[in-house]
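Both backbone and side-chain heavy atoms feed into the values below; hydrogens, waters and symmetry mates do not. Positions are given from 1 along the sequence. Note that the structure is predicted; figures quoted are calculated from it, not measured.
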Amino acid sequence: MVAVVRAHGWQSIRLGLRFYFQSTMASSSSTTTMNQASSLLCTNITHLVIVKLDKENFLLWQSQFEPLLHYNDLYSHVDGSTPCPIHYLQGTSRTQQTLNPAHTSLQKQDQTLVSWIKSTLTEHALTQVVRLKTGFEIWKFLELQYSTRSRSRKAQLLLQLQTLRKGTSNITDYLHRAKFIADSLAAIGYPVPDEDLILAIVGGLPKSYDNLYMHVTSNSDSTSIEELHSLMLSQEVRPESQEQDDVTVNPPTTAFVATKYSSSQPPRGQSNNRSRGQG
């Protein structure tokens, strides 16, 4: 009988010690997590993520949000790598259960993240996640729903930049069109370097701008957009004045040149293999 009592006593002590250590460890982890959650609640997310998510700017929105997640050790919430603590701690008896403070704190942290994400969505995007409960569920839905659209938009804009041509537009309108494409790419997280934008602009100019094209592409010093605009404006006026001078001063020579090339071969640079813009 004494042996049975002693065995029962030692079993109770072991269970009590296990509960004590579980509670202590959970309490320590809980304190750290709760302190972190408190600091998260104090953060005004709209000051850090200034672009709200819509159907075309997911990559830009994501580029603002992800560093914030990494800094606050929250990225594991959205990639699914955070292990969820057990909901209840096992008590000194099988019928006694206590809420795990670590689980409660993690839930609070996740709901703070949910609040963060929702506060950076447009109304249309917000209506699509209203029934989702966790940060992981919302993040994965937004990735699936919006990332493909954003990449399609990027491909569309890059194609517009690559096939940019002046055509019949004046220089100012042509330059504004190029800048609009570049700004649209920047808005979805893909800024175009000025050097690449300038090459796309001069590459879409007609043959009458060949001197400008050679100057820009062979110049060792980089040309700014403003400088290019001035050069293009001066080049836009020059061919018109030169054409008027040719017609007034020496019309027979112009007629002879036109007849010569029409009966033999086209002037240099006007073959069908020209890759830049046609005027």
Side-chain angles (χ1 to χ4, degrees), residues 48-70 120 122 125 142-240 242 266-279:
L48 302 175
V49 182
I50 59 176
V51 174
K52 289 201 170 188
L53 176 66
D54 61 28
K55 62 182 181 180
E56 293 183 348
N57 68 351
F58 175 80
L59 298 177
L60 178 61
W61 176 84
Q62 184 184 44
S63 71
Q64 293 182 104
F65 217 110
E66 281 191 346
L68 190 63
L69 296 177
H70 286 296
T120 62
T122 58
L142 295 175
E143 274 189 330
L144 181 64
Q145 189 73 11
Y146 290 103
S147 62
T148 302
R149 293 183 184 180
S150 189
R151 288 185 176 88
S152 298
R153 176 63 173 162
K154 172 198 168 187
Q156 180 186 28
L157 291 169
L158 285 175
L159 181 61
Q160 290 180 17
L161 190 62
Q162 292 167 1
T163 58
L164 185 66
R165 296 294 181 267
K166 176 181 177 296
T168 58
S169 303
N170 61 47
I171 287 299
T172 300
D173 290 343
Y174 174 60
L175 202 62
H176 285 170
R177 183 152 44 98
K179 285 183 176 180
F180 177 79
I181 296 174
D183 291 342
S184 298
L185 281 166
I188 61 172
Y190 285 89
V192 179
D194 284 350
E195 182 179 355
D196 292 346
L197 178 59
I198 287 172
L199 289 176
I201 292 171
V202 297
L205 292 171
K207 292 294 291 183
S208 57
Y209 291 83
D210 272 357
N211 289 338
L212 175 61
Y213 178 84
M214 293 299 298
H215 170 74
V216 172
T217 56
S218 61
N219 191 2
S220 59
D221 297 328
S222 60
T223 304
S224 68
I225 297 293
E226 292 74 19
E227 291 171 338
L228 179 63
H229 191 190
S230 299
L231 291 171
M232 290 168 65
L233 286 175
S234 62
Q235 186 73 14
E236 184 179 38
V237 176
R238 189 179 303 164
E240 295 179 358
Q242 287 179 344
R268 184 180 66 84
Q270 293 191 7
S271 68
N272 293 331
N273 294 328
R274 183 172 178 272
S275 60
R276 297 196 297 112
Q278 300 293 330

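Taking both residues in full, the closest heavy atoms of Lys52 and Trp61 are given as C-CD1, 4.3 Å, listed atom of the first, atom of the second, then distance. Of all heavy-atom pairs between Gln235 and Tyr209, the closest is CG-CD2, 3.2 Å. Across Phe65 and Thr120, no two heavy atoms sit closer than the pair CE1-OG1, 3.5 Å. Scanning both residues, Ser150 and Phe58, for their nearest heavy atoms gives OG-N, 3.9 Å. The two residues Thr223 and Ile198 come nearest to each other via the heavy atoms O-CD1, 2.5 Å.
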Apply the test side chain to side chain contact (heavy atoms under 4.5 Å, CB included) to residues Lys166 and Ile171: give CA-CA distance (whole Å), side-chain angles for both, the deciding distance (0.1 Å), then the verdict. CA-CA 8 Å; Lys166 176 181 177 296; Ile171 287 299; 3.6 Å; yes
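Glu195 contributes no side-chain N or O that, together with a main-chain N or O of Ser222, makes up a donor-acceptor pair within less than 3.5 Å.
Residues meeting the side chain to side chain donor-acceptor pair (under 3.5 Å) test with Asp194, sequence neighbours left out: none. The side chain to side chain donor-acceptor pair (under 3.5 Å) check on Glu56 picks up nothing, with sequence neighbours excluded. For His70, the ring pair (Phe, Tyr, Trp, His ring centres under 6.0 Å) partners at least two apart in sequence or on another chain are Tyr75. Under the salt bridge (charged side-chain N to carboxylate O under 4.0 Å, His left out) criterion, Glu227 pairs with no residue at all, not counting sequence neighbours.
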Report, one line per pair, each donor and acceptor closer than 3.5 Å where one atom sits in a side chain of residues 176-193; sequence neighbours left out.
residue, atom, partner, partner atom, Å
Arg177, NH1, Arg165, O, 3.3
Arg177, NH2, Arg165, O, 3.0
Arg177, NH2, Ser169, OG, 3.4
Ser184, OG, Phe180, O, 2.8

Between side-chain atoms of residues 154-164 and protein atoms elsewhere (two or more places apart, or another chain), which donor-acceptor pairs fall under 3.5 Å?
residue, atom, partner, partner atom, Å
Gln156, OE1, Arg153, NH1, 3.1
Thr163, OG1, Leu159, O, 2.8

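With rounding to the nearest 0.5 Å, the separation of OH in Tyr146 from CG in Asn57 is 9.5 Å. In this structure, CG on Leu205 lies 12.0 Å from CG on Asn211, to the nearest 0.5 angstrom.
Across Ile201, Asn170, Val216, a single residue satisfies side-chain contact (heavy atoms from CB on, under 4.5 Å) together with Met232, and that is Ile201.
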